[in-house]
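Keep in mind that what you see is a predicted model, and the values were worked out from it rather than measured.
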Amino acid sequence: MEAKWCMLLTIALMLALLVNGDDDQASVKPVVKIVKGKKVCQKGWECKTFSKFCCNETISDYFDTYQFENLFSKRNTPVAHAVGFWDYRSFITAAAEHQPNGFGTTGGKLSGMKEVSAFLGHVGSKTSCGYGVATGGPLAWGLCYNKELSPDSLYCDDYYKLTYPCAPGAAYYGRGALPLYWNYNYGKAGEALKVDLLNHPEYIEQNATLAFQAAIWRWMTPVKKNQPSAHDVFVGNWKPTKNDTLSKRVPGFGTTMNVLYGDGVCGQGDSEAMNNIVSHYLYYLDLMGVGREEAGTHDVLNCSEQAAFNPTSASSSS
């Protein structure tokens with residue numbers, strides 16, 4: 001009898017340790033200080049730079065491995081083209097670099113969940129191999145690719161030969177979670193990430209964390225000075241000018257497509273490309289437990305009638 005009670009006590013202690021360990025891992029208490037009268041925080045490895053955003057919930061507080069698996073449930077099926085490449089750890093490690101700047105940490109939990117859904121909605125759409133009758137539905141196949149399989153160009157623009165010269169033998173076709181194209185985009189991303197992507201564009205397809213870092217950098221970075229980033233237009237940091245209003249550009253998900261793809265997607269009416277991105281976002285909101293009813297009105301969601309921030313004859317950055 002005594003041995004039985006000892007065994008039960010041991011099991012109870014082990015369970016208590018497991019539960020407490022999960023709690024400690026799930027919620028790291030922030031280190032708080034006041035700088036120039038304002039509260040800033042540091043929150044473990046995930047938000048390691050003192051910032052006002054680190055006082056909020058971090059991404060791992062509301063987005064866990066099982067949710068990542070739900071969003072990208074078909075990425076490791078045998079017919080996918082990047083089996084074993086993408087995973088939750090790579091995403092959350094990459095996100096940690098930008099959480100002190102507000103990525104997924106701007107506002108409260110709901111705001112963070114919506115931004116992560118929005119960002120990953122773009123990712124899912126741009127890396128999908130889903131189609132109408134695909135198993136699990138066409139929206140379950142995000143992160144099927146990590147590179148363009150049959151590029152028809154080296155995507156080397158000699159206009160940038162002085163600033164971002166193409167490396168001998170290098171090809172700058174689409175790679176990553178929000179695929180990078182062209183030598184100048186690889187060059188700019190490499191400068192920001194402190195990785196020599198201009199001479200080694202293949203690094204993006206070899207390292208999932210780097211691929212996510214490049215995508216989040218693109219989400220957080222304006223294409224040009226005096227223009228907003230996709231992050232800015234989504235979380236409400238951007239205030240439209242009179243010209244923006246006349247161009248039908250409004251804060252919200254629709255304008256993130258304008259920032260990222262310009263007239264390659266926007267201003268083209270009710271296009272399939274635009275609707276596919278929106279559908280991924282709505283689907284992910286549902287899977288995240290937020291619900292598509294939080295997505296906003298039709299004019300906020302789409303960019304069908306928006307004039308591009310940077311009009312081009314052909315979008316080279318999508």
Side-chain angles (χ1 to χ4, degrees), residues 63 65 67-98 103 116-131 134-136 138-156 167 169-183 185-190 192-221 230 260-261 264 273 276-277 280-281 283-284 315-318:
F63 183 59
T65 307
Q67 290 163 300
F68 184 90
E69 297 298 326
N70 286 341
L71 266 56
F72 304 109
S73 59
K74 299 297 182 181
R75 74 186 191 283
N76 287 327
T77 57
V79 295
H81 301 283
V83 175
F85 184 77
W86 303 103
D87 59 17
Y88 173 81
R89 182 179 292 274
S90 298
F91 168 70
I92 206 69
T93 301
E97 296 297 316
H98 291 278
F103 177 66
V116 169
S117 299
F119 169 76
L120 292 177
H122 282 278
V123 168
S125 173
K126 290 297 179 179
T127 59
S128 176
C129 58
Y131 54 95
T135 305
L139 304 178
W141 290 83
L143 295 181
C144 176
Y145 297 100
N146 64 353
K147 63 179 178 180
E148 186 179 2
L149 294 185
S150 301
D152 56 5
S153 169
L154 295 178
Y155 295 96
C156 173
Y172 302 96
Y173 55 79
R175 298 178 178 91
L178 284 180
L180 281 175
Y181 288 84
W182 299 100
N183 50 310
N185 286 324
Y186 277 88
K188 291 174 184 176
L193 301 175
K194 296 180 172 56
V195 178
D196 186 7
L197 295 179
L198 192 59
N199 287 306
H200 297 283
E202 72 278 5
Y203 286 171
I204 293 286
E205 66 186 79
Q206 296 171 352
N207 186 309
T209 299
L210 183 61
F212 274 127
Q213 284 176 334
I216 299 172
W217 166 80
R218 187 174 168 195
W219 176 264
M220 299 292 292
T221 307
L260 295 173
Y261 319 119
N276 184 268
I277 300 167
H280 276 82
Y281 172 45
Y283 179 66
Y284 290 178
S315 176
S316 61
S317 61
S318 62

Parallel, tilted or perpendicular, as decided by the 30° and 60° cut-offs, for the rings of Phe91 and Tyr88
tilted
Mind checking whether His81 and Tyr145 have parallel, tilted or perpendicular rings, split at 30° and 60°?
parallel
Looking at Arg218 and Pro179, would you say the former's side chain and the latter's main chain have a donor-acceptor pair under 3.5 Å?
yes
Centres of the [X] and [Y] rings: under 6.0 Å?
{"X": "Trp182", "Y": "Tyr155", "result": "yes"}
{"X": "Trp86", "Y": "Phe68", "result": "no"}
{"X": "His98", "Y": "Trp219", "result": "no"}

Tested for side-chain contact (heavy atoms from CB on, under 4.5 Å) against Leu139, the lone hit among Tyr283, Tyr281, Tyr284 is Tyr283
What I'd like to find out is whether the side chain of [X] reaches to under 4.5 Å of the side chain of [Y], using heavy atoms alone.
{"X": "Asn76", "Y": "Leu143", "value": "no"}
{"X": "Tyr173", "Y": "Leu180", "value": "no"}
{"X": "Trp217", "Y": "Leu178", "value": "no"}

Does any donor atom in the side chain of Tyr186 or His200 lie under 3.5 Å from an acceptor atom in the other side chain?
no
If we ignore angles and hydrogens, is there a donor and acceptor under 3.5 Å between the side chains of Tyr181 and Arg175?
no
